Structures are given as C-alpha cells and as structure tokens.
Protein chains: 2
Amino acid sequence: MSPNQYDPFKAAFDSLEEFADLISHVLNCPITIEDANHRLLAYSTHDERTDPARISTIIGRRVPEKVINQLWKEGTIPALLKTREPIRVKNMNDIGLNHRVAISIWKQEEVLGFIWAIEIDKILTEEDFDLLKKAADAAKNKLLQLQTRKNKKEEHSQEFFWKLLTGHLKGEKEIFSNFQSLQISPSPSFAVAVFQFQQNITSKEEQNISYLLKTSQLMKIMLYTIDCNQLILLVSAANSDVPFQEFDQFIQTFVVKMSERYGVSGITPVYSSLYIDYQKIDKAYKETLSVLSIKEKFPHETKDIFTYQKLGIYQLFEVILEKRQAEEYENYSLKKLYEYDQKHNSNLIETLEVFLNKDHNINETAKALNVHANTLNYRLKRISEIGDVNFKDPNQKMILYLDLKLKRYQDI
Amino acid sequence: MSPNQYDPFKAAFDSLEEFADLISHVLNCPITIEDANHRLLAYSTHDERTDPARISTIIGRRVPEKVINQLWKEGTIPALLKTREPIRVKNMNDIGLNHRVAISIWKQEEVLGFIWAIEIDKILTEEDFDLLKKAADAAKNKLLQLQTRKNKKEEHSQEFFWKLLTGHLKGEKEIFSNFQSLQISPSPSFAVAVFQFQQNITSKEEQNISYLLKTSQLMKIMLYTIDCNQLILLVSAANSDVPFQEFDQFIQTFVVKMSERYGVSGITPVYSSLYIDYQKIDKAYKETLSVLSIKEKFPHETKDIFTYQKLGIYQLFEVILEKRQAEEYENYSLKKLYEYDQKHNSNLIETLEVFLNKDHNINETAKALNVHANTLNYRLKRISEIGDVNFKDPNQKMILYLDLKLKRYQDI
DNA sequence: ATTCCATTTGGGGATTTTCACAAACTGTTC
DNA sequence: GAACAGTTTGTGAAAATCCCCAAATGGAAT
C-alpha cells in the first residue's frame, strides 16, 4: 500500500501521553508535544534516550527560554509558524539540542502546538516525515479540546482581573478564593504593568503577546488582559531588594521582542510600585495610567522613566501646571532673563536650563553647550545678576527648574 | 499783670501761618508748627534766621526722617508725647539742629501736633515757656479743624481701598478718578504690603502705625487700612531694577521701629509682586495673604522670605500636600532610609536633609552636622545604596527634597 | 571711525574636592 | 570574648574647581 493511505494514528486514544508514546513507537524516537506557547503537553516515556534540552523541558514543563530564543533567531520557529511541513533542526550543542525534527499542529490558519521528534539513533526518512504530518493532523482534535477548556478559564480570569483593576472586588478572602479557582497562586507582592501600543491591539498581535508572555520566564505573570491599545499585566514581584531592576529588564525585553519578532514598535511600557495588598490593584493600575499620561505630556524628559516613583518632579507637573495657570503667575527671574535674551539675543535661559539639568556641574554643562568653562561661569554670574538668582539656594533653584520645564511645556 | 493772665494769642486769626508769625513775633524767634506726624503745617516768615534742619523741613514740607529718628533716640519726642510742658532740645550739629524748644499740642489725651521755637539769638525764659504753653493751647482748635477735614477724606479713602482690595472696582478710569479726588497721585507701579500683628490692632497702636507710616520717607504709601490684626498698605514702587531691596528695607525698618518705639513685636511682614495695572490690586492682596498662610505653616523655613516670588517651592507646598494626601503616596527612597534609621538608629534622613539644604556642599553639611567630611561621604554613599538615590539626577533630588519637607510638616 | 560695553576664551596658580586606604571604634551575634 | 559588619576619622595625593587677570572679539552708540 502507498504511504499516503496508511495511517497508524487513526486509532482512538485517551490521553495525549498515550498518543505521544504511539508516535514514538511508530517513528522509533523520543517525542514531545507542546502547545503554541511551548508549554509541555505530553512526552513519550517508552524511550530513555534523550538530550539535555528535552530533559529541561520535561522538568520545567516548558521549553527553556534560551532554547526558544535560539530557535527564533535561527529561524526554526518562524518556519514552523509558516509551513505545515516538518522542519529539521540541526544540532545545537551550546543549548543542549540534538538533531531533531519538528512539525506544527494546525487548526485552519492557527498553530495549536508542536510535535518534536529527536533523532537520537536514526535520521528520519521522507516516509517518517509523512507519518509525522499524519500525527500532527491527528493531534489537532485533542489540542482543540484543551484549548476550549482553557478559553473558559481565560474568560473567567478576564472578568476577575477587570474587577480587581476597577476596584470592584473588595475583601481579601474573596480575592484569594478567586485566585484559587483559577489555579493561580498569588505571590506575596505584586505590581501592575501596562504596555501601551500605538494602535489598538489586533487579535493577531494578541496571540503574539500571549505567546511572548507565556514563554517569558523572567517574570511570573499572574493575570493579563487587553484594553484597546493597552496590554495590562498583573506581575508577581520577587522579594528582592532591587525589584525595579527585574521589572526594567522584563519590560525592555518585551518591547524589544515585540519589535524584533513581530515588527511592532512604539510600545510604551510602564509599571506600578510594589504592593502587598491585593485590594489595592486598582490603585496600582491608576498609578500606571498616571505615568502614561505624564509620559505623553513630557515624552522627551521621561523617556527613560517607566514608574511613578522615578518620575521625580514630573509626578507633580499636572497639579503645578494647573495651579500656575489659575494664579497667572510668572517667575520674575525667568521673565527678566527671557527679556534679556530677547534684547541681546543671548541664550541665558538655555544656559540656565542645561546647567540645572546637568546638576550644577560646570564642566559638563560647558561641554554640552560647546563653550569654555569660563564663559559658562561668566554667564552664570550674569544670570544671577539679571535674574536675581542665588545659586546657593536650593529652594530658588528648584522653583526655577520647575518653572523652566513648565514654560517649555507651555510653549509647545 | 501776672504772666498767667496775659494771653496775646486770644485774638482771632485766619490761618496757621498768621498764627506762626504771631508767636514768632511774641517770642522773637523762628517758629514752625507740625502735625502729629511731623508734617509741616505752618512756619513763621518774618524772621530770616534759621538752621539747616528747619530749612529741610520747610522745603520737604516735613521733618527729615533722620531728624525724627534722632529725636526719638535722644528722647525728645517720647518726652513731648508724655508731657504738656515745653521741652528744650540741645544743639545737634550732626543733623543741623540748633538749640530749640518744643511743645506738644494736646486735645484731651491725644497729641495733635508740635510747635518748635528755635533759639537763634536768645535763650527762651521761663516766661517764654509760659507763653508757648498758651500758644499751644490756642493752636488746638485750628488743628482740630484740619483733623476732622482729614478724617472725612480718610473715611473715603478707606472705602476706596477696600473696594480695590476686594476687586470691586473695575475700570481704570474709575480708579484713577478716585485717586484724584483723594489728591493721591498713583505711581506707575505698586505693590501691596501686609503686616500681620499677633493681636488685633488697637486704636492706640493704630495711631502709632499712622505716625510711623507718615514719617517714613523710605516708601510712598498711597493708601493704608487695618483689618483686625493686619495692616494693609498700597505702596508705590520705584522703577528701580531692584525693587525688592527697597521693600525689604522698608518692612524691616517698620518692624524694628514698632518694636523699639512701641514695644510691639511679633509682626510678620509680607509684600506682593510689582504690578502696573491698578485693577489687579485684589490679585496682589491675595498674593500677600497666600504668603502669610504659607509662612504660618512653615515658619522656620520661610522666616527670611517675605514675598511670593522668593517662596520658592513653598509656593507649591499646599497643592502638593493635597495631592500627596489624596494619592496616599509614599516616597520609596525615604521609606527605605527611614526604616534603616529606625533599625540601626542612624540618622541618614537628617544627613540627607541637611545635605540638600546646604545645596550639596559636602563641607558645609559636614560642619553643620559636626562630622568629618569623609563620614558624610560615607553616609551619602550609603544613602544612595539604601534609598536607591542617584545624587547626580536633579530630578530625583528635588522630589526627595520636597517629600522630605512635606514629611517634616506632616510629622508635626 | 572710535569708543564703549558685553562677551568669549585662555592661562595659571590657589584652593577645594575627591578618592582610596588605613586605623580605630561600636554594637551585635554567636 | 571573639568575630564581624557597619561606622567614623585621619592622611595624603590626584583631580577638579575656582578665581583673577589679560587679551581678543563683536556689536551698538556716538
């Protein structure tokens, strides 16, 4: 009979594990089955031959991130997402990967998961490839069942998350019982992170995001949802002394990967402070929205700031701006300096601003302005004369700095 | 006949000038008559003999301030305000004052003015003294007339000023016609000054204030009024480049004199920015009240600040405080440092505050804290580690400073 | 054209600041 | 009481900053 007609996978099977063993038996090599997010679904056990990457995958119940990264870079995963044919992966010793063959499991235009066959003793033939395609086809239905079950869970989790974000769920007990029913173990402290996209997030992007989040092992994402152009996450925070560093790394990685892998750029990431009390998720969420709003107003000044705590005085800009506008205040020193600049077309204001930005460091300021340090000193002397500014008074300097930044914003 | 019965001043006279000439004729010496505020009311002209002080008085239509100051210090004016007897003043060449005799003009318990007799050729005798007393008595009625006329004007001016302060008088024309009818020439720019007393101002103090203001030649006071414990002034500002200095000197002098001469201490002086538009007096007034309110909250920090412009960041404290309380924000760095201080009973917070107060000057801070400069450096290094503070970032430093001051205030 | 004023740049020395290291001290823990 | 981490102080040399002076530039006013 022709290979195309023979299909050993038509038989019914109860679990994916059983199915994995069946494939392993037919092809005579170790098999692992993953979902679309590289989470381990099943693996063959009849065979003891394996490689380090497979061991890590089985132990961690997911493919290690460095392996995923490597497979992305090297082109295997992109290929699997494109074609329904088996793909051969060469030996990659540096990440403990032997020769293997992979195939994606499709349902219409969507990839549901992957089957991996490791070529330990034998090299798979063309016929084996054909069998693999049949196996992938047979796996489809089983994976679909898993998917729908998960979707239901997902919907519940979405509702739960929004209740938390909007502060509609009070009472610690209620919150924790919800977590439990979702089989999520809430960490002792958390933060809310928001990634703001330039456009509304499409369902295609949603899949990519989901994939990225699930494969990221940097941070534990407890819950996530999408709201127009914002991706909102509930992230568990390690009890480390420097939680900020972890967060920074996580959001940077996410943004970079979204750009590199899917060509989505212009994402603004922010995250909240650390919280212990899960009843304060709404506060954390508001915090992130506030950061986004301020970053929109002062994009340049805050481009390296992703959290409320680090916003510094920009935390206060909205409220100060409001006050200033209400009282029609004008900073006397700045006014004088501005007038002087106009009259003599000098640039005392600019000099002052750079000087304050550079934390009163003469040398750096001079460098930034491309002038001699003595020139700068002279100008500063003039500024203190004309604007009646005492550079030794932190109080005066601060208000000057604030009013300068406010003016800059208002002038735009 | 006895000297007590003979009274050459019983005759009717039309003007004070005529009366001054009459006294001069009787006593055979130059005479000047002043009101209670040392404003020149009349002087004898039949006699050409005089001294420099009298010349200045006549030319300026008031006694020069340095002469007044001298007469206060030396005790003449205090004596005149106590007794109804003539007082002899010795030669004071440094201020151009010859020997002279003065007497106060009384109406019940209030001094209405003074008569001065200059002893150019002759020394006044006991009899002359007696005549002088009679002259003072005769002058009383004439001065009372002037007083009531002035009181009416005063009442109108009070009403006018309050309309301006409360913003109930709009329209430049209307304002200027009011000034004109009060015979006040408004200066091109002005400011509002407020002196806040510790207790409500008594009518006795009111007289003293009025006297001080009228004799002060440092500043031109266009209008003034009293509101409970506040003395409110409309002051004309010179077009000088450094108007602040003048104001500062004026308010200091006023406060010092109120204390020295009348024993009234604890006066808080403030003044507004310079304004050109007389329709904005209400804004200027509000500004002064705002400064007073902030000075009440941060008396120590603002003890050398008397104007809104110089308040620096304290301008913003009320609004920031409000915001912070609304958002339940806590500065992460400060929290960490505070916890560290508690645990190790160190004083990182204090160190940080002094350091920021001293404008990042290591030496001054070390001196203020009574520690070695290296100790300070070590502490700062620890602060930046524990609190995750980057001292090179002005933004971070500012918010730290602000939150520190806010905390200080809230802790009280 | 000349003068005047404000500005820029350079040099060089006095002064301060910075930094690394050593030593001593303190309070805590085992 | 020994060990230890954390803190304070001292020393000295390298680095930087500050400050004064002089010279050059350039624009505006006379």
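Excluded from the calculations below are hydrogen atoms, water molecules and symmetry mates; all remaining heavy atoms, backbone and side chain alike, are included. The sequence lines fix the lettering, A, B, ..., with proteins before strands; numbering per chain opens at 1. These figures come from a predicted structure and were not determined experimentally.
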N/O (side chain, Arg382(A)) to phosphate O (OP1/OP2, dT7(C)) under 4.0 Å: yes

Any side-chain heavy-atom pair of Ile281(B) and Phe190(B) under 4.5 Å:
yes

Quick check: are there more than 12 heavy atoms from other residues, nucleotides or ligands sitting under 6.0 Å from CD of Glu172(A)?
no

Is the Tyr308(B) ring parallel, tilted or perpendicular to the Tyr329(A) ring (thresholds 30°, 60°)?
perpendicular

Taken to the nearest whole Å, NE2/His372(B) to P/dC25(C) is 15 Å

Distance-only donor-acceptor test, Asn374(B) side-chain atoms vs dT11(D) base atoms, 3.5 Å
yes

Close aromatic pair by centroid cut-off 6.0 Å: Phe247(B) and Phe306(B): no

Within residues 352-366 of chain A, those residues having any heavy atom closer than 4.0 Å to DNA chain C are none

Check: Centres of the Phe317(B) and Tyr409(B) rings: under 6.0 Å?
Finding: no

Is there a side-chain polar atom (N or O) of Tyr378(B) under 4.0 Å from OP1 or OP2 of dC21(C)?
no

Arg379(A) atom CZ is separated from dT8(C) atom C1', nearest whole Å, by 9 Å

Tell me whether the side-chain N/O atoms of Thr375(A) come closer than 4.0 Å to OP1 or OP2 in dT9(C). yes

